[in-house]
Undergrad: 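Sharing a structure below in structure tokens format, with a few things to ask.
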Amino acid sequence: MGTPTDRPATTTQNRRVRDAVTAARRVVVKIGSSSLTTATGGLDDERLDTLVDALGTRTADGREVVLVSSGAIAAGLSPLGLTRRPRDLATQQAAASVGQGLLIGRYAAAFARHGRTVGQVLLTVDDVTRRAHYRNAYRTLRKLLDLRAVPIVNENDTVATEEIRFGDNDRLAALVAALVDADLLVLLSDVDALWTGDPSRPGSRRIAEVRDETDLVGVDIGGSGRSGVGTGGMVTKVEAARIATGFGIPVVLTSAAQAVAALAGEPVGTYFQPSLSRPAARLFWLAHATSPRGRLHLDPGAVAAVVGRRKSLLPAGITAVDGAFTAGDPVDLVDTAGAPVARGLVNYDAVELPGLLGRSTAELAAALGPAYEREVVHRDDLVLL
């Protein structure tokens, strides 16, 4: 979120919200399951059509919209005779398999009324952390937008396991906003804004704008959503706002019922002010979208090289290896106290590394062949934490 500043007057806050939204040419909009489905599962056609009408109006003047839509699992509950969201992964995947087709079909029909074609984009963490996959994801989204289609993004719930999940679509939306270099992220849910506490309790007040972390001091963010069909809540939305604003993207958080007003630039919901700079997009994904599969313990010289001089990590600077990972997996680089200092994509399997530790690349190349004259983690695949 933005750096601390003097607090402007409310009219200035409202003006900033309106300008940030109306000036945005590329917008990522996230909609939650509870805003698209009934409490027992199944799509709510009226809610979906209302959302699409708001987005269709937004695209009428050539602006670009990427929609990150939850709802696949929830939409698959009723057709499968399930009364609530399943807890086990296999049943969740089965519900997603049924519901995703229903969801994209309804979106296709609704956007067709506005002369727009939709494209389904299902992502896993690997799609945006491994270099080749990341480029493919970007190219697909970029080409859909160039062709004036509306990308409909969701996590690929039918194949994602606990180890390779984004966790929630609020986080996915923030990361997609960074991937497509969006001008604005709009998070739509069943709550109209960020409040200081439970909106139903006396004394709770709506927070109109968040400029930095001090604006969140004393705020009771709470737990999961109320409907029981989604996985997120205000916690995940605030974290998504942190991720997006850290990439320099402003965020509006409001309810699906206020989507039209939010996209028109009216001062509804809560506005999160962005930081002033944007890091490299793929490394931003590496820091925020991945979970480490292992840890590499660095000696003081390697820590100084990686952190202080932004060098690649070589085998000579590693003292120990933890975890079971394969080449291309994300791993944390930790200092002598065990504190993570960086995360990167490793070039070796975990079983290979112990025999390489403490040895120079020249020595390894002479003993094992030229394939071993390479970095353990290249600096282009490494982000400081």
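Predicted model, so just to flag it, every value in this text is computed and none were measured.
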Undergrad: Hydrophobic cluster mates of Leu147, side-chain heavy atoms under 4.5 angstrom, ILVMFWY only, any path?
TA: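 Joined to Leu147, directly or through intermediates: none.
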Undergrad: Distance-only, no hydrogens or angles: does the Ser35 side chain make a donor-acceptor pair with backbone N or O of Ile31 under 3.5 Å?
TA: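 No: the side chain of Ser35 does not pair with the backbone of Ile31.
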Undergrad: Check Asp332 with Arg343, please: is the shortest side-chain N to carboxylate O separation under 4.0 Å?
TA: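 Between Asp332 and Arg343 there is a salt bridge, with a charged N closer than 4.0 Å to a carboxylate O.
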Undergrad: Any side-chain to backbone donor/acceptor pair from Ser189 onto Ser255? Under 3.5 Å, distance only.
TA: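 Not a single qualifying donor-acceptor pair exists.
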Undergrad: Could Asp192 and Arg206 be called an ion pair, given the rule that one side-chain N must be under 4.0 Å from one carboxylate O?
TA: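 Judged by the 4.0 Å cut-off on N to carboxylate O distance, Asp192 and Arg206 do not form a salt bridge.
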Undergrad: With His297 as reference, evaluate Asp322, Asp335, Thr319 under the side chain to side chain donor-acceptor pair (under 3.5 Å) test and give the passing residue.
TA: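 Checked Asp322, Asp335, Thr319 against His297; only one passes side chain to side chain donor-acceptor pair (under 3.5 Å): Asp322.
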Undergrad: Report the residues that fulfil side chain to side chain contact (heavy atoms under 4.5 Å, CB included) with Thr336, sequence neighbours left out, ordered by chain and then residue number.
TA: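 Counting only residues at least two positions away or on another chain, Thr336 forms a side chain to side chain contact (heavy atoms under 4.5 Å, CB included) with Pro300.
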Undergrad: Which atoms form the tightest heavy-atom contact between Arg87 and Gln92, and what is the distance?
TA: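 Where Arg87 meets Gln92 most closely, the heavy atoms are O-NE2, 3.3 Å.
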Undergrad: Measuring from atom OG1 of Thr254 to atom CG of Leu188, what distance do you get when rounded to the nearest 0.5 angstrom?
TA: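 One finds 7.0 Å between OG1 of Thr254 and CG of Leu188.
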Undergrad: In terms of relative ring orientation, are Phe284 and Phe247 parallel, tilted or perpendicular, with 30° and 60° separating the classes?
TA: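 Judged by the thresholds at 30° and 60°, the geometry between Phe284 and Phe247 is tilted.
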Undergrad: Could you tell me which non-hydrogen atom of Leu187 sits nearest to which non-hydrogen atom of Lys237, and how far apart they are?
TA: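 What the structure gives for the nearest pair is CD1-O, 3.7 Å.
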Undergrad: Closest heavy-atom contact between Ala302 and Leu313?
TA: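 Result for this residue pair: CB-CD1, 4.2 Å.
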Undergrad: Donor-acceptor check, side chain of Arg85 to backbone of Ala74, threshold 3.5 angstrom: yes or no?
TA: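 Absent.
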Undergrad: Counting only heavy atoms not in Arg25, do more than 12 sit closer than 6.0 Å to its CZ atom?
TA: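 Count over threshold, so yes.
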Undergrad: Heavy atoms only: give me the nearest Val118-Tyr107 pair and the separation to one decimal.
TA: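 What the structure gives for the nearest pair is CG1-O, 4.0 Å.
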Undergrad: What residues form a side chain to side chain donor-acceptor pair (under 3.5 Å) with Arg47, not counting sequence neighbours?
TA: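 Applying side chain to side chain donor-acceptor pair (under 3.5 Å) to Arg47 gives none.
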Undergrad: Check this for me, if you would: do Glu64 and Arg142 make a salt bridge, where the nitrogen-to-carboxylate-oxygen distance has to be below 4.0 angstrom?
TA: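 A salt bridge links Glu64 with Arg142.
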Undergrad: Spell out, as yes or no, whether a donor-acceptor pair under 3.5 Å connects the side chain of Gln100 to the backbone of Ala72.
TA: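 Not at all, since once roles are kept as given, no pair shorter than 3.5 Å links the two residues.
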Undergrad: Give a yes or no on whether Arg205 atom CZ has more than 12 heavy-atom contacts from other residues, nucleotides or ligands under 6.0 Å away.
TA: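 No.
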Undergrad: Taking distance alone, no hydrogens or angles, what donor-acceptor pairs closer than 3.5 Å link side-chain atoms of residues 357-370 to residues at least two apart or in another chain?
TA:
unit_1, atom_1, unit_2, atom_2, d
Arg359, NE, Glu363, OE2, 3.3
Arg359, NH1, Gly355, O, 3.0
Ser360, OG, Glu363, N, 3.1

Undergrad: Can you list the residues that meet the ring-ring contact (aromatic ring centres under 6.0 Å, His included) rule with Phe111, with sequence neighbours excluded?
TA: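 If we apply the ring-ring contact (aromatic ring centres under 6.0 Å, His included) test to Phe111, skipping adjacent residues, there are no hits.
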Undergrad: Do the charged groups of Glu209 and Arg211 touch, with an N to O distance under 4.0 Å?
TA: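 Yes.
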Undergrad: So, the side chain of Arg116 versus the backbone of Val150: is there a donor-acceptor pair under 3.5 Å, distance only?
TA: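 Such a contact is absent between Arg116 side chain and Val150 backbone.
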Undergrad: State which residues pass salt bridge (Lys or Arg N to Asp or Glu O under 4.0 Å) with Asp349; sequence neighbours excluded, sorted by chain then number.
TA: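 None.
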Undergrad: Would you name the heavy atoms of Ser69 and Leu36 that are closest together and state the gap between them?
TA: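 Closest approach of Ser69 to Leu36, heavy atoms only: OG-CD1, 3.4 Å.
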Undergrad: Can you name the closest pair of heavy atoms from Leu384 and Val306 and give their distance?
TA: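 Closest approach of Leu384 to Val306, heavy atoms only: CD2-O, 3.8 Å.
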